[in-house]
Structure formats: C-alpha cells, structure tokens
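Have a look at the structure below before the remarks.
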Amino acid sequence: MVEGGKIANSEDTERLLDNDDGTEVQEMVMELSQEAKDMDVDGAMDQSIKTEDEEEEVGLLSMSFKLKVLLIGLCTSYFFYYTAFSMIAPFFPDEAENHSVPEAVIGFIFSSYSFTAIVLSSLSGRIIPKIGARSGYLVGMFGAGFTTLAYGFLDKIDDEKTDLFIVMASVVRIFEAGFCILSINSSVAIIFNQYPRSVQGKVLGLTNMFFGAGLTSGPLVGGILFDVGGYGLPFYVVGAGILLTVPFSYWVVDKHIDTDRQEASMLKLFRKAPGITIPALVRVVTGIVHAFIMPILALYLTSQFMVESKTLQGLLFSILTVGYGVGSPVWGWLGDKPGLLRWSILGGILLVTIPVFLMGPCPWFHITPTLWLLGTSLFFTGAGVAVGVIIMVDIMEKAKSSGMEDNMALGAMVSGVYWCSYFIGTATGPIVGGLLYQIWGFGWTTTSVAFLCLLMCVMYSAFMARESVLEQHRAKYSDLEKNKREMRDMTTINEKVPLTKSYPQYTEE
C-alpha cells in the first residue's frame, strides 16, 4: 500500500473509509499516512547526506579560499617546528662541550624531545578536547616560538656552570617538544574536522612534506646563521618566524571548531578498535628506519669511503629527508584514491625494504659498496618511509568502522597514536642502529632492519586479508539486517490491515 513514500492507491483508501468500522480504519489510514511522511523525510535525509558526500568530493584546487590559506599556515608551522628541531645539530654539541657537558648527556638532551613527544602524544585524547583544537594549536605555536627564542640565550651561561647549562638546556628542550607536539596533534584534529575526506590524505602529505623540508634544511639554516651571527641568531630568526605565524593562524582557524569537548583516552581507542595495532606498528617501523642510520652513517662514510668532509656527510644525510619530502605528497595522493589506501601502505613498506637491503649492501648479495648506491638507497628509503603520512588515515578509518564516534576526541586520539608510534621508532632507532653497528657492522645492521621491514610486510598483508574478510561479512550482515527490517515492517502493516476486513470485495463469499 505504500510505494515510494506515498499511499499507493487513493481508491483503496476510499474503500477503507466506506467500511462499517470507519473509526478503526481511519486510524489505520492516519498511521499509514504518517509512515509515508516518515519515508519522505528519510528519503530527503538520504538525499541530503548524498548531496553532502558529493560536495565533499573536492580536490585541493577546488577547496574554499580559507581552507587553502589554512593549509599554507599548517605547512609553514610544520616547516618552522622541524627546522628548530634539527638546526641545532651542527653547533649545539660544540657549545655544550664548551660548558664541559659529557657526550652521553648531550645525547640525552637531544633524545629528550622524542621521549617528551611520546608521553604527550599518548595523552592528546584527553588534553586537546579539554582545551580545544584551536586553542591547542595556537598556544602550542606561541610556546614553541618562545622556547626557541629562549634556547638562543643558553650561551650566556658561564662556561663553569655545567650543571645549570644541562638543566636549562634539558628543560627548554622538553618544553619546546611539549608545545610543538601540542600544536601538531591539534593541527591533525583540525585537518580531520575541517577538510573533506577526499583531500585529507593530500593535506597530510603536504604538511609532512614541509616536515621533511624542515628536517632537511634545519642543519643548513642553522649552520649558515651560526656562521653569520653566532650561537643565538639561528634561534632568534626561527623563533621569530614561528611567532609571526600566530596572528595569521588565529585568523584562518575556524573559531567554532571546538564545540565538541568530549574526552577519551588512547587505551579506549585500542580497546574499541584493536585493529589499529598493526597500522601503529607500521608507523613504529617507519620511525625506526628513519632514525636508525643517524648515529652510524657518518662513521661508515669515514671508515668505508674516507669521507671526512662535514659538508658531504651532511648532503648524504639530507638525501634521506629529500626522499621523504618527495614521497609524502605522492603517498597522500595515492591514499585518497578509493580502494588504494592500504595497498599504498603495503607498497610503501616494500619500497622501504628493498633499498635498505641495498644500502649496506646486504653481505649475501656480494655487491661492492659505492657512494652512488648508498645515496640512491637513502633517497628511496626516505620516499618509502614517507608512506607513514597516510597511516594516520588508515587508523582513523579503522577506528570509525569499529564504531568510534567521529568527533574531536577521536581526531586527537588518532593523532596521538600516530605521533606516539613515530617517536617510539625515532627514539629506539638510533639505539638499535648503534648497538647493531658496534656488534655486526654497517652491512648486517641495514640487513637486520630490512628483515624487520619484511616482517612488517607479512604482518600487514595478513591484516589486509583479515580486514577484507571482515568487510565482506559486515556487508552481508548489513544486507541481512535490512531485509529483516523490511520484513518486520511488512508484517506490521499486514497485522494492522487484515485483508478480509479492509478489502471484502477481494475475498471469497
């Protein structure tokens, strides 16, 4: 009797109204009419949802002007943050030695950034919804600029006050890391909230490209500014650059973004969506690959190729991050293609595995080590590691498919899992690389890391197969539930309108 949200036959309705029991039949007709209206409303809602989805299918160039400007601000902040992070490498150790700081303590000062990032990223699901993504982004940016400026005054401490220098350098470094991670995790929540799904991978890819650009150019920028103006100038310039982006970001970030202040913990995310464990492990492995070579490459270049020039060594270090910067937007573009997200991640892991085997090269290959082979391997390793930028999207999609509510807290938790996993890898990578190099040498160290990548390929392939089966079961269950609901609706209507009573002319006499 109901078709397409309308009463199917007005003549049938008139016959119902002519029955003896007119009151009951009229009530039944009113109920059916209400059901028809509800169906019209549902249809309108479905059409509205469809229209919204169609509107979200946009590209970077067709985004609104404000979203484009916001993207510029995000990329600029990422560049400055990681320029500040990496620019101390050429000159800070010398300043620390002038204050009689032991080498082990210098290493602790450097690594304090990663350990602080691990702790704060794990708490982002509680912190960001409480203070708001917009506030977290702006406060983190202001704090990062202020602490970067403060680092430029450490040389004013007397050389004899070693303990004071160690304490101040560690405290400022920890606060710098805290403010940067707060701003970065908040920016990820903003990206998931402000940008449509069709461009999220591209936006994350572009921001991470500037992340890689900051890592690459940081030592060069720091070295040049140090030669020009001494210890403080690099921090004054970069710190001022960060602070100048604050008013710009205050204007472009939506003021109404923080309406949802629901808090959640990372443990809740893992309990509700345990399937995110494998993507998180992939991010840990890419972090290890990104960092394991840092303490051993210079030693290997000196011992194997007699390369003692710091400029040439720095250029070879930069090849890795150049590859990362090139690969980030490519993986972001591939990850936005329907059905290619997880295949892209698997391809990225494979792309990492092959050049890491050749970087040593693996002793089983009997290949003579050369600088061009090393440089090429470093570039493609960086390009493969950049696949980590779309792992965040994979974690988000898995969390939502597991029933997690798509809100600000979820964006903060996903960002926390992503960056916590990455910094676990960057914190453990140099330790693993240094120990293996001391025991086995460069060739077997890179081979061991390559086998770790190969193991991750197998694990992620199994994860993809399992998810494919689960998605098929979910689709079948969804269709079955839909059919059951339709059958229940038809049964209810038949019970309300007995055929022998409502249509006596169609029954046998």
Side-chain angles (χ1 to χ4, degrees), residues 197-205 208-209 212 270 273-292 320 323-359 362 376-402 414 417-422 424-426 429 446-475:
R197 171 64 185 88
S198 58
V199 297
Q200 286 176 3
K202 299 181 185 73
V203 171
L204 291 170
N208 276 267
M209 181 179 73
F270 276 100
I276 68 171
T277 303
I278 298 299
L281 286 176
V282 174
R283 193 53 179 147
V284 172
V285 171
T286 56
I288 290 174
V289 175
H290 205 177
F292 87 97
L320 182 69
Y324 187 94
V326 171
S328 293
V330 175
W331 293 120
W333 178 76
L334 289 173
D336 283 334
K337 298 295 181 182
L340 288 184
L341 176 63
R342 286 176 177 155
W343 285 107
S344 298
I345 295 174
L346 181 61
I349 306 171
L350 286 171
L351 183 59
V352 171
T353 304
I354 296 171
V356 174
F357 266 122
L358 296 173
M359 190 184 298
C362 175
T376 303
S377 300
L378 286 170
F379 177 84
F380 283 103
T381 298
V385 166
V387 77
V389 303
I390 58 173
I391 292 175
M392 191 183 302
V393 180
D394 191 18
I395 295 173
M396 174 63 85
E397 294 297 313
K398 180 59 183 174
K400 290 193 290 187
S401 68
S402 299
V414 168
V417 170
Y418 174 86
W419 287 109
C420 185
S421 301
Y422 174 74
I424 288 174
T426 57
T446 56
T447 301
S448 301
V449 175
F451 272 115
L452 176 63
C453 297
L454 194 60
L455 175 62
M456 199 69 252
C457 285
V458 175
M459 293 177 63
Y460 196 77
S461 298
F463 168 76
M464 289 178 60
R466 178 179 179 274
E467 287 298 304
S468 177
V469 173
L470 289 177
E471 288 172 2
Q472 292 176 2
H473 283 304
R474 279 194 291 264

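Side-chain atoms are counted along with the backbone in the values below, which use heavy atoms only and exclude waters and symmetry mates.
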Any pair with a residue in [range] that passes side-chain hydrogen bond (donor to acceptor under 3.5 Å, both in side chains), sequence neighbours left out, goes on the list, sorted by first then second residue, please.
{"range": "residues 341-356", "answer": "R342-D394, R342-E471"}
{"range": "residues 376-387", "answer": "none"}
{"range": "residues 382-392", "answer": "none"}

State which residues pass side-chain hydrogen bond (donor to acceptor under 3.5 Å, both in side chains) with E397; sequence neighbours excluded, sorted by chain then number.
R197
Indicate yes or no: at least one non-hydrogen side-chain atom of [X] is less than 4.5 angstrom from one of [Y].
{"X": "F379", "Y": "L320", "answer": "no"}
{"X": "P279", "Y": "I345", "answer": "no"}
{"X": "M464", "Y": "E467", "answer": "no"}
{"X": "Y324", "Y": "S328", "answer": "yes"}

Search all heavy atoms of [X] against all heavy atoms of [Y] and return the closest pair with its distance.
{"X": "I349", "Y": "C457", "value": "CG2-SG, 3.2 Å"}
{"X": "V417", "Y": "A280", "value": "CG1-CB, 4.0 Å"}
{"X": "V389", "Y": "G332", "value": "CG2-N, 4.4 Å"}
{"X": "W331", "Y": "I390", "value": "O-CG2, 3.4 Å"}
{"X": "L204", "Y": "M392", "value": "CD2-SD, 4.0 Å"}
{"X": "G327", "Y": "A386", "value": "C-CB, 3.7 Å"}

Between atom [atom1] of [X] and atom [atom2] of [Y], what is the distance when rounded to the nearest 0.5 Å?
{"X": "L281", "Y": "L452", "atom1": "CG", "atom2": "CG", "value": "10.0 Å"}
{"X": "M459", "Y": "S461", "atom1": "CE", "atom2": "OG", "value": "11.0 Å"}
{"X": "M456", "Y": "L346", "atom1": "CE", "atom2": "CG", "value": "10.0 Å"}
{"X": "F357", "Y": "T446", "atom1": "CZ", "atom2": "OG1", "value": "9.0 Å"}
{"X": "R283", "Y": "H290", "atom1": "CZ", "atom2": "NE2", "value": "8.5 Å"}
{"X": "K337", "Y": "S198", "atom1": "NZ", "atom2": "OG", "value": "10.5 Å"}

Across all chains, not counting sequence neighbours, the side chain to side chain contact (heavy atoms under 4.5 Å, CB included) partners of V284 are I288, S421, I424
Applying side chain to side chain contact (heavy atoms under 4.5 Å, CB included), name anything that partners S402, two or more places apart in sequence or on another chain.
A273, K398
Got a sec, which residues hit ring pair (Phe, Tyr, Trp, His ring centres under 6.0 Å) with [X], two or more places apart in sequence or on another chain?
{"X": "F380", "value": "none"}
{"X": "Y418", "value": "none"}
{"X": "Y460", "value": "F463"}

With V352 as reference, evaluate L350, I354, V356 under the side-chain contact (heavy atoms from CB on, under 4.5 Å) test and give the passing residue.
V356
